[in-house]
Amino acid sequence: MRLILLGPPGAGKGTQAQRLVQKHGLVQLSTGDMLRAAVAAQTPIGLKAKDLMASGALVPDEVVVGIIADRIEQPDAKNGFILDGFPRTVPQAEALDELLKQKKLNLDAVIELRVNESALLNRVEKRVVEMLERGESVREDDKPEVLSRRLNAYRELTEPLVHYYSEKRKLLTIDGMMTIEEVTAEIERVLAAVIAADKSAESAKAAKRKSAAKTSKAGKTVKKAAKVGKKTAKKAKKGTKKGTRTAAKSAKKGAAKSARRGAAAKTQKTARGAGKSAKKTTKKAAKAAKRLTKRG
Ligand code: AMP
């Protein structure tokens, strides 16, 4: 499963992401955490990001897109991930779409935690107090003046993603003002519906593939049959041609024969006629001779 957690600073994205990690075995990919690690390690990216982060501004799109592109390549992200704090701008969302498309991966849902701003400020102030009480160091950018800049950046650059993902029918909005437990339960409820829809889409796809395979097999058989039929027809045609040729030849032969026979018969008839008339002439001549003899 691949999810995005969307919401302003202090909405509870980090807390809910950790719960999703435990429940679904996904990895949490927080660009904020990665950038803080880069700042601490003083890597080139860290050095670039340090001042921007401290002022509450966003780090350039290409920097965070590069980080995410590398991170989702890692083996632990293969089973799915939760993006926490990324994307934060429309160009980042477009770059993510492209990355997922290239890797033939699907984004299952974008969970928006909706909270009201005054409650957010109270929450973050409370978080700062708790951290100080535990002796932990407070994030530079959680100080009130920086926090209000981060909220401005959210409103201006990140909130358009609500529209972006709702257009893509990926957005699930949850009331982030409920208790942590209630928010978790609500996330689980909406995700169960997404998982069920994914499963039925997957089985529909599998059924489609199966029927496509069957159709192509049937198509092959029909093609084969058509090929055999064509061959037989060709053979038959050839046979008929040959037959016609043979018939014509024998007819010719027969005609010649009968013509010959006719001619012979005619000759015979003529001969017979000639013979007959010769006989007649001989008979006549004999009769005349007899008469002459009698007179003489
Ligand atoms: P976060 O911990 O998510 O509140 O992030 C802390 C700071 O890291 C932000 O105020 C930004 O300066 C920077 N940052 C984190 N994620 C991004 C991002 N996706 N795009 C730009 N800047 C980011």
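Hydrogens, waters and symmetry mates are skipped; everything else that's a heavy atom, side chains included, is used. Counting convention: from 1, in listed order, for ligands and their atoms alike. These numbers were taken from a predicted model, which means no experiment stands behind them.
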> Supply the atom-to-atom distance Lys168 NZ to Leu161 CG, rounded to the nearest 0.5 angstrom.
11.0 Å

> Side-chain donor-acceptor pair under 3.5 Å between Asn152 and Arg149, yes or no?
no

> Rounded to the nearest 0.5 Å, what separates atom CG in Leu107 from atom NZ in Lys170?
5.5 Å

> Once side chain to side chain donor-acceptor pair (under 3.5 Å) is applied, do any residues pair with Glu112, and if so which ones, sequence neighbours excluded?
Arg114, Thr173

> For ligand 1, what are the residues with a heavy-atom contact below 4.0 Å?
Thr31, Gly32, Leu35, Arg36, Met53, Ala57, Leu58, Val59, Val64, Gly85, Phe86, Arg88, Gln92, Arg139, Asp141, Arg150

> Less than 4.0 angstrom from a charged side-chain N to a carboxylate O is my criterion; do Arg19 and Glu181 meet it?
yes

> To the nearest 0.5 Å, what is the distance between CG (Leu47) and CD (Gln42)?
6.0 Å

